[in-house]
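Quick notes on the structure that follows.
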Amino acid sequence: MNIEQNISAALIQAVKQLYDQDLPENQVSLQDTRAEFEGQITIVVFPVVRFSKKSPEATAADLGTYLQEHVAQVTGFNVVKGFLNLSIADSYWLNLLNSTLLDASFGTFKPNGQKVMVEYSSPNTNKPLHLGHVRNNLLGYSIAELLKANGYEVFKVNLVNDRGIHICKSMLAWQKWGNGETPESSGLKGDHLVGKYYVIFDKEYKKEIDALKQAGQTEEEAKKNAPLIKEAQQMLLAWESGDNTVVELWKKMNGWVYDGFAVSYKNLGVDFDKYYYESDTYLLGKDNIEEGLSKGVFFKKPDGSVWIDLTADGLDQKLVLRADGTSVYITQDIGTAQLKYDDFKMDQSIYVVGNEQDYHFKVLFLILQKLGKTWAKGLYHLSYGMVDLPSGKMKSREGTVVDADDLVAEMVETAKQKTEALGKVDGFSEEEKEALFYNIGMGALKYFLLKVEPKKRLLFDPAESIDFQGNTGPFIQYTHARIRSLLNKAAYASAPVKENTALSATELEMIILLSKYPSELASAAKGYTPATLANYLYEVAKMFNKFYHEVPPIIKEEDAGLKQQRLNLSSVTAGILKSGMRILGITVPERM
RNA sequence: GCCUUGGUAGCUCAGUUGGAUAGAGCAACGGUUUUCUAAACCGUGGGUCAGGGGUUCGAAUCCCUUCCAGGGUACCA
């Protein structure tokens, strides 16, 4: 039982004793005492007033007196308007530090027996990854790690969009204009090479459209009639019928892309337990359509197309199977959801997909519920906002994208320049330097993207480099390195401090902040947002730096108990920074 | 049109189930190093929380409405 629970219980008791009333638990409102007032825990007494039938001030005074008498740790109180500020004994906080925070299991959760799948990344194999994908990958990875940290068994999966008309476009362009170019012959990374032909297709396609428009066709007609698009559609049909030449070409080019993605994923530090490929799953879902028809969930229109009517749920009618019997996107997704569940039997399944698909997932989940899938209630769309440039949206075909590989390289280079300019790497081996530049560059990038609430859109200005100072990854990394250096110099060994030691205001504040780590992990997982964890870690780092500047050099401290206590505080801080940053996918260096 | 998500300092963002005088960072200005790493610390200035109305003891937070921006809108994924 922690102090908050203790006080909550005592508060309810106090209301019973003093006013003979039952205070509902949800009327108990505790918060941290603001820095300008005495005390650490504050009770907001307004909710109690209608039970006490006294003024807020009088009620607060009653309650304060009662709590001081009945709760051992409450050593004093003061009342400011309707706020009852409680002073908690230093001994309580010291004990918290020496027992709970110092315990090796602090900040870890026992397995909770729940299984959760996180699907993320889900790239198309016709172009390289860009900044939008980077956000997706980092978000998916860190959500998965966050859930692991909370005791879930997690499966990370990647559903690769490796087939379809857009894939045929780059294949066709390569066939026509590639002259047999390969990653080896061109020195281009495979995904970039394929992306190049996707762009070429689009350029040539536009030329044809323009020509047809000159000849008097409307835009719409021209788009439909252009020879290139017809050829691409033919190629798709050939692929679907298993045409050997097309399938071989498809395998070859996809192979290039996978080699390229492997490099990008490694750079981003993300991984997957299982890959699903749409070329395997695109025919799934038709059985579920039959199932839905027989259950009366779906209905057939005269032309043979199958629909679901969701107007009663505030949505529209939605097509689930074309009149010619072919699938649409949602057909596949119904089938794939079933497949994933059959494979893993997970309690929860999270789709990390951009907010442009909000409607799609709303419909998908509703359909699965109506089909009577008991597991449908565990489905969650982790929707995130687009990454925009100052000029607006990124568009692959127009070349206005921030390429993932370029960005990573730039970040590492910037880290190198800044680090060398600060003269921080004297005495580092080449390997150590390289690792450090990578870790700092990626730390800056990852923190920059993850500190923002997922659902908010994100503005990225390529002209303005990502910061390395202030509320940034490198700031937190630096704080960690500094603490490690301190602990090494002090030959630190973890040990509780038995004797009574003094506690400064900052140290007390630190203990309170550090003790919140587990609940921060829990609420970040519950809200599916690494952003709150990122911001918490920043608070922790900032608090440590303040402490570090305030106290005299710890190493030279002669009072052994005080020295040990300050090292303990530093060590707990470093531990939280390291494990929290790891959940964000960020490595904190020992030295920097 | 309809649905949906946003709008907080010059810029980028925090802001718990509604709680005290709305906070950080960057940028600007000033200060701190014979003391454990100055990617740090301390200070100054900067706000009609998009506008209006409502509920409440109390609203950036909840409700209504207007404006602005993004996304979606039935056989693309």
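Chain A is the first sequence line, chain B the second, and so forth, proteins listed ahead of strands; every chain is numbered from 1.
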For nucleotides 72-77 of chain B, 5' to 3', base contacts (B), sugar-phosphate-only contacts (S) and non-contacts (-) with protein non-hydrogen atoms under 4.0 Å give S-BBSB
Do A/Glu507 and A/Ser504 have side-chain N/O donor and acceptor atoms under 3.5 Å apart?
-> yes
So which nucleotide from B/G15, B/C36, B/A40 ends up closest to the side chain of A/Glu453?
-> B/G15
Sort out the partner of B/G43 for me: Watson-Crick or G-U wobble, both distances under 3.5 Å, none otherwise.
-> B/C29
Using Watson-Crick or G-U wobble geometry with both distances below 3.5 Å, tell me the partner of B/A69, or none.
-> B/U5
Taking NZ from A/Lys489 and C1' from B/U35, how many angstroms apart are they, rounded to a whole number?
-> 11 Å
Kindly indicate whether the side chain of A/Lys424 and the base of B/U37 share any N or O donor-acceptor pair separated by less than 3.5 Å?
-> yes
A/Lys578 atom NZ: more than 12 heavy-atom contacts under 6.0 Å | no
Of all the choices, B/A40, B/A39, B/U35, which nucleotide is nearest to the side chain of A/Asn545 once you look at every atom?
-> B/A40
Would you say the side chains of A/Asn471 and A/Tyr447 form a donor-acceptor pair under 3.5 Å?
-> yes
Can you tell me how far C1' in B/U32 sits from the matching atom in B/A69, rounded to whole Å?
-> 44 Å
Any-strand Watson-Crick or G-U partner of B/C36, both distances under 3.5 Å | none
Between B/C36 and B/U21, how far apart are the P atoms? Round to whole Å, please.
-> 42 Å
Just checking, A/Arg163 and A/Tyr277: is the charged tip under 6.0 Å from the six-membered ring centre and within 45° of the axis?
-> no
Please check if any side-chain donor atom of A/Thr479 sits under 3.5 Å from a side-chain acceptor atom of A/Asn545, or the reverse.
-> yes
Contacts of type ring-ring contact (aromatic ring centres under 6.0 Å, His included), residue A/Trp239, not counting sequence neighbours = A/Trp250, A/Tyr282
Using whole Å, report how far CG of A/Asn85 lies from C1' of B/A20.
-> 9 Å
Does any N or O donor sit under 3.5 Å from an N or O acceptor when you compare the side chain of A/Thr479 with the base of B/A40?
-> no
Has A/Glu36 got more than 12 heavy atoms of other residues, nucleotides or ligands less than 6.0 Å from its CD?
-> yes
Establish, for the pair A/Lys340 and A/Tyr351, whether the NZ or CZ atom is under 6.0 angstrom from the six-membered ring centre and no further than 45 degrees off its axis.
-> yes
Whole angstrom value for the distance that separates C1' of B/C13 from CG of A/Asn535 = 8 Å
Minimum-distance nucleotide (side-chain atoms of A/Lys455 versus B/G6, B/A39, B/A40) | B/G6
Is the number of heavy atoms from other residues, nucleotides or ligands under 6.0 Å of A/Lys286 NZ greater than 12?
-> yes
Picking from B/A20, B/U8, B/A40, which would you name as closest to the side chain of A/Phe37?
-> B/A20
Does A/Phe83 lie flat on the base of B/A20, that is, centres under 5.5 Å apart and planes under 30° off?
-> yes
Scanning all shown strands, the Watson-Crick or wobble mate of B/C49 with both distances under 3.5 Å is none
Rounded C1' spacing from B/A39 to B/G53 in Å | 49 Å
Using the C1' atom in both, what is the distance from B/U8 to B/C68, to the nearest Å?
-> 15 Å
Could you tell me which residues satisfy side chain to side chain contact (heavy atoms under 4.5 Å, CB included) with A/Thr331, sequence neighbours excluded, listed by chain and number?
-> A/Ile289, A/Leu321, A/Ser327, A/Val328
B/A77 and B/G72, which share atom name C1', separated by this distance in whole Å = 14 Å
Please confirm whether any donor atom in the side chain of A/Gln31 sits under 3.5 Å from an acceptor in the base of B/A20, or the reverse.
-> yes
Rounding to the closest angstrom, what is the interatomic distance between B/C62 and B/G19 at atom C1'?
-> 14 Å
So what does A/Val28 hit on the nucleic acid, given a heavy-atom distance under 4.0 Å: a base, only sugar-phosphate, or nothing?
-> nothing
Scan A/Met592 against the nucleic acid and name what it touches under 4.0 Å (heavy atoms): base, sugar-phosphate only, or nothing.
-> base
Would you kindly give the NZ-to-P distance between A/Lys418 and B/A40, to the nearest whole Å?
-> 11 Å
With sequence neighbours excluded, residues passing ring-ring contact (aromatic ring centres under 6.0 Å, His included) with A/Tyr275 | A/Phe272
Atom NZ of A/Lys223 with >12 non-hydrogen neighbours under 6.0 angstrom = no
Length of the OH-P vector between A/Tyr548 and B/C36, whole Å | 7 Å
Look through every strand shown and name the nucleotide pairing with B/A74 as Watson-Crick or G-U wobble, where both distances are under 3.5 Å.
-> none
Please work out if A/Leu315 contacts a base, only the sugar-phosphate, or nothing of the nucleic acid, heavy-atom cut-off 4.0 Å.
-> nothing
Expected list for residues 516-530 of chain A near RNA chain B, using heavy atoms below 4.0 Å, is none
B/C13 C1' sits how many Å from A/Leu537 CG, rounded?
-> 16 Å
So which protein nitrogen or oxygen atoms get under 3.5 Å of nucleotides 25-27 of chain B's nitrogens or oxygens?
from	atom 1	to	atom 2	distance (Å)
B/G25	O2'	A/Asn471	N	3.3

Pair A/Asp62 + A/Lys54: basic N to acidic O under 4.0 Å | yes
Tell me what A/Val452 touches on the nucleic acid: a base, only sugar-phosphate, or nothing, going by heavy atoms under 4.0 Å.
-> sugar-phosphate
Between A/Asp303 and A/Arg322, is the closest basic N to carboxylate O distance under 4.0 Å?
-> no
Between A/Phe448 and A/Ala541, name the one whose nearest nucleotide on RNA chain B is closer to the 5' end.
-> A/Phe448
Result for 5'-nearest mapping on RNA chain B, choosing between A/Phe468 and A/Leu486, is A/Leu486
Could you say whether the aromatic ring of A/Phe46 and the base of B/G58 stack, counting only centre distances under 5.5 Å and plane angles under 30°?
-> no
Under 4.0 Å between any heavy atoms, over every strand shown, what does A/Ala481 touch: base, sugar-phosphate, or nothing? Just pick one.
-> base
Report which part of the nucleic acid A/Pro47 touches: base, sugar-phosphate, or nothing (heavy-atom distance under 4.0 Å, all strands).
-> base
Using the P atom in both, what is the distance from B/G6 to B/G46, to the nearest Å?
-> 31 Å
If we call it a pair only when both distances are under 3.5 Å in a Watson-Crick or G-U wobble match, what pairs with B/U56?
-> none
Specify the separation, in whole Å, of atom CD1 of A/Ile43 and atom C1' of B/A20.
-> 15 Å
Using a cut-off of strictly less than 4.0 Å, decide whether A/Ser485 has a side-chain nitrogen or oxygen near OP1 or OP2 of B/C36.
-> no
Does any nucleotide pair with B/C13 by Watson-Crick or G-U wobble geometry, both distances under 3.5 Å, and what is it?
-> B/G23
For the side chain of A/Arg482, starting at C-beta, report the closest nucleotide among B/G19, B/A14, B/A38.
-> B/A38
Could you pull out the closest heavy-atom pair between A/Pro24 and A/Phe51, with the gap in Å?
-> CD-CZ, 3.5 Å
Within this structure, what is the CG-to-P distance between A/Leu450 and B/C13, rounded to whole angstrom?
-> 14 Å
Can you say whether the rings of A/Phe460 and A/Phe448 are parallel (under 30°), tilted (30 to 60°) or perpendicular (over 60°)?
-> perpendicular
Pick the C1' atom in B/G15 and in B/A28, then give their distance to the nearest Å.
-> 25 Å
